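Heads up: the structure comes next, in structure tokens.
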2 protein chains.
Amino acid sequence: MTDQSSHFPIDYSPLFDYFDPFHRISQEAKEAISAICSLSKIPKNKDLQSIGHTCRTIYFVKKGIARIYYYKDGTDITESFAFENSLIARVESLFTGKPSRKGIQVLEDSDFIGISSPLLFDLYDQFPDIERLFRKIFESAYVETVNRIESLQFHSAEERYHALTQESPDFLKRIPLKYIASYLGITQVSLSRIRAQR
Amino acid sequence: MTDQSSHFPIDYSPLFDYFDPFHRISQEAKEAISAICSLSKIPKNKDLQSIGHTCRTIYFVKKGIARIYYYKDGTDITESFAFENSLIARVESLFTGKPSRKGIQVLEDSDFIGISSPLLFDLYDQFPDIERLFRKIFESAYVETVNRIESLQFHSAEERYHALTQESPDFLKRIPLKYIASYLGITQVSLSRIRAQR
DNA sequence: TTGATTTTTTAACATTTGTAAAAGGAATCG
DNA sequence: CGATTCCTTTTACAAATGTTAAAAAATCAA
């Protein structure tokens with residue numbers, strides 16, 4: 001089966017292992033979350049979510065890599081990447097309910113656990129611990145985003161590239177450089193130049 | 001009284017008017033929040049919070065303007081501004097509990113309502129609606145930050161400047177250009193050049 | 001494997017942005 | 001008011017990054 005959602009029995013343990021450090025929730029709460037999840041297997045280079053649709057699913061990357069991208073004057077720009085054991089969602093659409101100009105594309109054959117966001121938000125009323133869990137998850141994502149601004153605002157492209165190679169060497173091995181360039185806010189040509197410097 | 005906190009009777013209505021569109025809370029909840037607030041009056045150019053301290057207060061700007069700033073290789077960089085009727089906090093410290101390399105400086109004689117964050121987080125257990133209110137406030141701030149990344153990542157300095165003049169003409173009237181330049185991620189000289197272009 | 005396609009690098013030149021220093025203006029304070 | 005200080009602009013030059021096109025390298029599919 002490819003490019004399909006499934007309701008076959010799914011192993012949710014990686015998801016709950018990911019949740020645990022943020023906030024512990026009851027077994028009952030875990031079951032409530034499981035009930036609003038489904039598995040998606042997406043082949044390399046396909047879109048998990050297409051440009052123009054409103055984000056109503058929060059994805060957990062079980063296997064593979066994905067990126068959020070959009071077009072600016074016809075050129076493809078990568079906003080962010082997500083690796084195994086992390087969440088990915090177009091938050092500006094998730095939290096506003098407006099259609100997103102961004103899409104999510106898969107860079108390797110990947111498996112996702114999709115959590116329905118409208119159903120999740122309904123669970124918040126019933127399970128305050130689920131609300132607290134996701135509050136903490138998004139607070140943490142917010143902090144990462146603030147740190148990223150600092151990087152874009154006043155580090156040179158070269159500094160940003162070298163920081164990336166140190167923090168996540170995996171990036172360079174598994175992601176095409178053309179995607180890394182726009183993620184760093186520069187062109188492919190500039191990135192090649194930086195790489196050639198030593 | 002200047003540069004001092006006060007527990008004199010404070011008019012909290014602007015704060016609760018600001019909260020309302022995010023999430024309605026009970027009168028009891030409002031009183032609980034009021035009980036953990038205090039007023040700070042800070043004169044122009046002074047620091048509301050200094051570099052190196054851990055953020056334990058969320059500020060509401062009642063009057064005036066403030067900015068979050070830090071030093072990169074000795075040069076002063078503005079991360080963000082806050083005007084009347086908005087919140088300001090160094091979230092990377094607020095949510096991690098670590099000391100902040102950033103400070104908050106006041107650009108005009110200003111009045112703030114300071115909300116103690118440890119006491120606020122305690123209220124979350126007692127008042128789920130307060131937790132929900134702040135969850136929504138920070139989700140909204142998160143969305144703004146994501147949009148700012150897009151601006152820094154793939155708009156030119158000139159585009160960013162013109163976007164700013166359109167979105168918030170007030171910026172230009174009330175904030176020294178040297179602070180606007182670093183906020184846009186460029187030097188004062190570059191900003192002057194852009195401004196001179198027409 | 002071969003051939004086709006995609007990705008990455010290189011080159012040459014244009015444009016943008018940075019740096020340092022000086023000059024002009026504006027605000028502040030006694 | 002005058003003097004000082006701070007802010008903004010201007011100038012000249014340097015460095016970084018963008019643009020376009022082509023070559024080289026890597027990847028993919030038959």
Side-chain angles (χ1 to χ4, degrees), chain A residues 2 43-47 64-65 67 69 71-78 81 105-110 151-165 169-198, chain B residues 2 43-47 64-65 67 69 71-78 81 105-109 150-165 169-198:
Chain A
T2 57
K44 180 169 177 173
N45 293 329
K46 294 284 180 193
D47 272 11
I65 310 182
R67 68 179 187 115
Y69 72 99
Y71 291 101
K72 144 95 180 168
D73 302 338
T75 60
D76 177 311
I77 293 171
T78 296
F81 299 103
Q105 187 198 16
V106 148
L107 303 182
E108 299 174 352
D109 293 355
S110 303
S151 154
L152 284 167
Q153 193 179 8
F154 252 88
H155 292 265
S156 67
E158 192 177 339
E159 287 173 311
R160 275 174 272 156
Y161 174 73
H162 287 126
L164 192 61
T165 59
D170 281 359
F171 269 69
L172 297 168
K173 290 169 197 151
R174 294 171 64 186
I175 299 179
L177 291 169
K178 60 175 178 170
Y179 298 141
I180 293 178
S182 68
Y183 173 77
L184 293 173
I186 55 177
T187 60
Q188 267 184 80
V189 177
S190 287
L191 180 56
S192 266
R193 266 192 292 241
I194 289 168
R195 284 162 56 81
Q197 273 174 24
R198 18 139 261 134
Chain B
T2 58
K44 180 169 177 172
N45 292 330
K46 292 284 180 192
D47 272 10
I65 310 182
R67 69 180 185 114
Y69 72 99
Y71 292 101
K72 144 96 180 168
D73 302 337
T75 59
D76 177 311
I77 293 172
T78 297
F81 298 103
Q105 187 198 17
V106 148
L107 303 182
E108 299 174 353
D109 292 355
E150 191 178 326
S151 153
L152 283 167
Q153 193 179 8
F154 253 88
H155 292 265
S156 67
E158 192 176 340
E159 287 173 311
R160 275 175 271 156
Y161 174 73
H162 288 125
L164 192 61
T165 60
D170 281 359
F171 270 69
L172 298 168
K173 290 168 198 152
R174 294 170 64 186
I175 300 179
L177 291 170
K178 61 175 178 169
Y179 297 142
I180 293 177
S182 69
Y183 173 77
L184 293 173
I186 56 177
T187 60
Q188 267 185 80
V189 176
S190 287
L191 180 55
S192 266
R193 266 192 292 241
I194 289 168
R195 285 162 54 83
Q197 271 173 26
R198 9 143 266 133

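Keep in mind it's a predicted model, so treat the numbers as computed, not measured. Numbered from 1 within each chain, the chains take letters A, B, ... in sequence-line order.
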When you measure from the side chain of A/Arg195, which nucleotide among D/dT10, D/dT17, C/dT9 comes out closest? C/dT9
Testing A/Ile186, A/Leu184, A/Ile77, A/Thr78 for side-chain contact (heavy atoms from CB on, under 4.5 Å) with B/Gln153, which one passes? A/Ile77
Atom CG of A/Asp76 and atom P of C/dT6: how far apart are they, to the nearest Å? 14 Å
CD1 of A/Ile175 to OH of A/Tyr183, rounded to nearest 0.5 Å, is 9.0 Å
Interatomic distance, B/Tyr161 OH vs C/dT17 P [rounded to whole Å]: 14 Å
Strictly under 4.0 angstrom, non-hydrogen atoms only: write out the protein contact profile of nucleotides 25-30 of chain C, one letter per nucleotide from the 5' end, B, S or -. ------
By nearest-heavy-atom nucleotide on DNA chain D, the more 5' of B/Pro176 and A/Arg160 is B/Pro176
For the pair made of CD1 in B/Ile175 and C1' in D/dT8, what is the distance, rounded to whole Å? 16 Å
Can you tell me the distance, in whole Å, between the CG atom of A/Leu152 and the P atom of D/dT17? 13 Å
Separation between CG (A/Leu191) and OH (A/Tyr179), nearest 0.5 Å, reads 14.5 Å
State which residues pass side-chain hydrogen bond (donor to acceptor under 3.5 Å, both in side chains) with B/Gln105; sequence neighbours excluded, sorted by chain then number. B/Arg67
Rounded to whole angstrom units, what separation is found between the CG atom of B/Leu177 and the P atom of D/dT8? 4 Å
Under 4.0 Å from any atom of DNA chain C, heavy atoms only: list the residues of residues 182-193 of chain B that qualify, in numerical order. B/Gly185, B/Ile186, B/Thr187, B/Val189, B/Ser190, B/Arg193
Which whole-number value in Å describes the distance from A/Lys173 NZ to D/dA26 P? 18 Å
Using whole Å, what does the distance between atom P of nucleotide D/dT27 and atom NZ of A/Lys178 come to? 14 Å
Nearest-angstrom distance from the residue atom NE2 of B/His155 to C1' of D/dG18: 17 Å
Atom pair CD1/OG of B/Ile194 and B/Ser156 - distance to nearest 0.5 Å: 7.0 Å
Distance in Å, A/Lys178 NZ paired with A/Ser182 OG, rounded so as to fall on 0.5 Å steps: 10.0 Å
To the closest 0.5 Å, what do you measure between CZ (A/Phe81) and CZ (A/Arg174)? 12.0 Å
Could you pull out the closest heavy-atom pair between A/His155 and A/Glu159, with the gap in Å? CA-OE1, 3.2 Å
Side-chain contact test, heavy atoms from C-beta onward, threshold under 4.5 Å: evaluate it for A/Val106 versus A/Lys46 and give yes or no. no
